[in-house]
K.L.:
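What follows is a structure written as structure tokens; I'll ask about it next.
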Amino acid sequence: MRIAPSPTGDPHVGTAYIALFNYVFARKHGGKFILRIEDTDQERYTAGSEAAIFEALRWLGLEWDEGPDVGGPHGPYRQSERLPLYRREIQKLVEKGEAYPCFCTKERLDQLRRDQIAAKQSTLGYDGQCRSLSPAEAAARMAAGEAHVVRLRVPDDGETVFVDHLRGEVRFENRLIDDQVLFKSDGFPTYHLANVVDDHDMGITHVIRGEEWITSTPKHVLLYKAFGWEAPEFFHLGLLRNEDKSKLSKRKNPVSVFHYRDLGYLPETMLNFMANLGYSMGDDRERFTVDEMIAHFDWSRVSAGGPVFDQKKLEAFDGADIRAMSVDTLYDRLMERTLSRARLLPLLAQAQERVNRLDDFIPYLSFFFGGSLDYGPVIDKLKVKDRTPAEVATTLEAFAQDIERDAEARAFTAPALDAFARGFCERNGWKNKDLFMLLRVAVTGRTASPSLFDTMALCGKDRCRLRIRDVVALLRAQKG
RNA sequence: GGCCCUGUAGUCUAGCGGUUAGGACGUUGGCCUCUCACGCCGAAAGCUCGGGUUCAAGUCCCGACAGGGUCACCA
């Protein structure tokens, strides 16, 4: 069993969801739960997100047996550190004729795609131009240093069948499967190659992943066959959804595990809630621990549909669990996370300059805690001179989105936010004053607060994002 | 659009040929109560549609429809 996230942003609840099922299944059968980092995409790689994945999974208590930080007999556990292995394996495939080098340029492929779309061709894909290159010619061109990728030679006829243990037999016609790129011209393997090679090398017997992978599974099966390896068992879990049933997304929902952690949801409740999204005990029990789930776990009780991630129900579960604690335990939990010394100290430093009595600290600092705010008292402050509410909403939304695209601002530190916000105003023709006040009101619900960017940094990205989202919705709901 | 997956109340689910279709969130009525919340009791709300198979179908088969995913030198 393994969970193999790629470090490309904040740790996603979908990753945690899949991890839960991998973890439970591994524990149930005494197998190993392996964490492997799939960092073969240099462009999307973001620093720090690997550590964030560790943090998120550990917060939930989903400890792995082998991984980059804990080691194990199958290391290394980062794909970027396994490059020689992929090179060796792809070489074997080429020698066997199961894969071939392809010298087609990006431009030619783009053009090919456009032509296919223009011709209303139902099946898009590579036309196989380099398939028939003689080994000698290919070798010569490679020796000349010509840029190339390596593709899998997918059979033209027949079909590839595999069993998904949640759905039964799934069949794909081979002629509809593209000659997948296995090795990129930048010297990195693609997901398909790295995944198959690693799963085999690490002795992965059961692949539990999201339904989004189901259409690439035949490619993987073909790859196992090309290598002459036995394929693992496959289980594709339904995808977590937004309320409108589309794949759970940052646009429409808080999807970072840290959002839930930082707003004070209980990790064990998160786990129980996610377990209910797809798993059922069979009786009417829905409140259970991970250990109970492990003891009970059976694939026949897992449903294949993609569940909506219902915040309301999570909230209800969390409330019930809070109520079930002794006040003593509640105190400990609160101090340990919400009112920890580490968290409080920087907040107190901010309040110290603005507060006169000890008792005023808590009310003053209130906006650093909790989730959504009541904008009733400051509703008028959400207006910006000469701009429509719709315009303001769009700008706020763009601001929140663009932060993610900025390598510095993404880290959400005060100086980075400051620089980013100023740049954002310049790019979008906004006065600093206008945007800053708007943000202040959105994030704090007040017109007076500590320095905006310190405040945002201290509130945390997820809390800010939630509130900005709230304000955007509020503005859109207003007419005009 | 091609291919693939899925289809029980608004949402998460139980059901695996014969049930008054069960539970939970949400919604809602009431009780409790100085208020709110909690708690307790109750209610409304569901088998996507159409064909088969069968004495009998939410349960099996086929088709339609709907939703989702996927068609990259991203994972």
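Order of the sequence lines fixes the chain letters, A, B, ..., with proteins taken first and strands second; residue numbering starts at 1 for each chain.
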K.L.:
Rounded to whole angstrom units, what separation is found between the CD1 atom of A:Ile177 and the P atom of B:C4?
P.N.:
11 Å
K.L.:
Using a 4.0 Å heavy-atom cut-off, write out nucleotides 38-49 of chain B from 5' to 3' as B (base contacted by protein), S (sugar-phosphate only) or - (no contact).
P.N.:
S-----------
K.L.:
When you match A:Gly168 and A:Lys247 each to their closest nucleotide on RNA chain B, which lands nearer the 5' end?
P.N.:
A:Gly168
K.L.:
Tell me: CZ of A:Arg209 to P of B:G69, nearest whole Å?
P.N.:
17 Å
K.L.:
Inspect the contact between A:Asp164 and A:Arg167 and indicate whether a charged nitrogen and a carboxylate oxygen are less than 4.0 angstrom apart.
P.N.:
yes
K.L.:
Among residues two or more places apart or on two chains, list those pairs meeting salt bridge (charged side-chain N to carboxylate O under 4.0 Å, His left out) that have a residue in residues 245-265 of chain A.
P.N.:
A:Glu55-A:Arg261, A:Glu212-A:Lys247, A:Asp244-A:Lys252, A:Lys250-A:Glu404
K.L.:
Using whole Å, what does the distance between atom P of nucleotide B:C4 and atom NZ of A:Lys219 come to?
P.N.:
14 Å
K.L.:
Please test A:Arg88 against A:Gln91 for side-chain hydrogen bond (donor to acceptor under 3.5 Å, both in side chains), starting from the C-alpha separation and ending with a verdict.
P.N.:
CA-CA 5 Å; A:Arg88 193 162 68 235; A:Gln91 188 55 37; over 6 Å; no
K.L.:
Can we say A:Lys461 and A:Asp10 salt-bridge, meaning some charged N sits less than 4.0 Å from an Asp/Glu carboxylate O?
P.N.:
yes
K.L.:
Rounded to whole angstrom units, what separation is found between the CD atom of A:Glu212 and the C1' atom of B:C74?
P.N.:
11 Å
K.L.:
If you check every side-chain atom of A:Asp41, which of B:C74, B:C25, B:C73 has the closest atom?
P.N.:
B:C74
K.L.:
Quick one: label A:Thr40 by what it contacts on the DNA or RNA (base, sugar-phosphate, nothing), any heavy atom closer than 4.0 Å.
P.N.:
sugar-phosphate
K.L.:
Please report, rounded to the nearest Å, how far the P atom of B:A75 is from the CG atom of A:Leu193.
P.N.:
11 Å
K.L.:
If you take any heavy atom closer than 4.0 Å to RNA chain B, which residues from residues 169-176 of chain A end up in contact?
P.N.:
A:Val170, A:Arg171, A:Phe172, A:Leu176
K.L.:
Starting from P on B:C5, measure out to CG on A:Leu240 and report it in whole angstrom.
P.N.:
21 Å
K.L.:
Encode nucleotides 8-15 of chain B as B, S and - characters from 5' to 3', where the letter depends on protein heavy atoms closer than 4.0 Å: B to the base, S only to sugar-phosphate, - to neither.
P.N.:
---SBSSS
K.L.:
In whole Å, I'd like the distance from the CD atom of A:Gln180 to the P atom of B:A75.
P.N.:
11 Å
K.L.:
Got a donor-acceptor pair under 3.5 Å from the side chain of A:Ser185 to the base of B:C73?
P.N.:
yes
K.L.:
According to side chain to side chain donor-acceptor pair (under 3.5 Å), who are the partners of A:Ser372, at least two apart in sequence or on a separate chain?
P.N.:
A:Asp470
K.L.:
Does anything in residues 248-267 of chain A reach RNA chain B, meaning a heavy atom under 4.0 Å, and if so which residues?
P.N.:
none
K.L.:
Here's a test of your reading of the structure: between A:Lys312 and A:Ile214, which maps to the more 5' nucleotide of RNA chain B?
P.N.:
A:Ile214
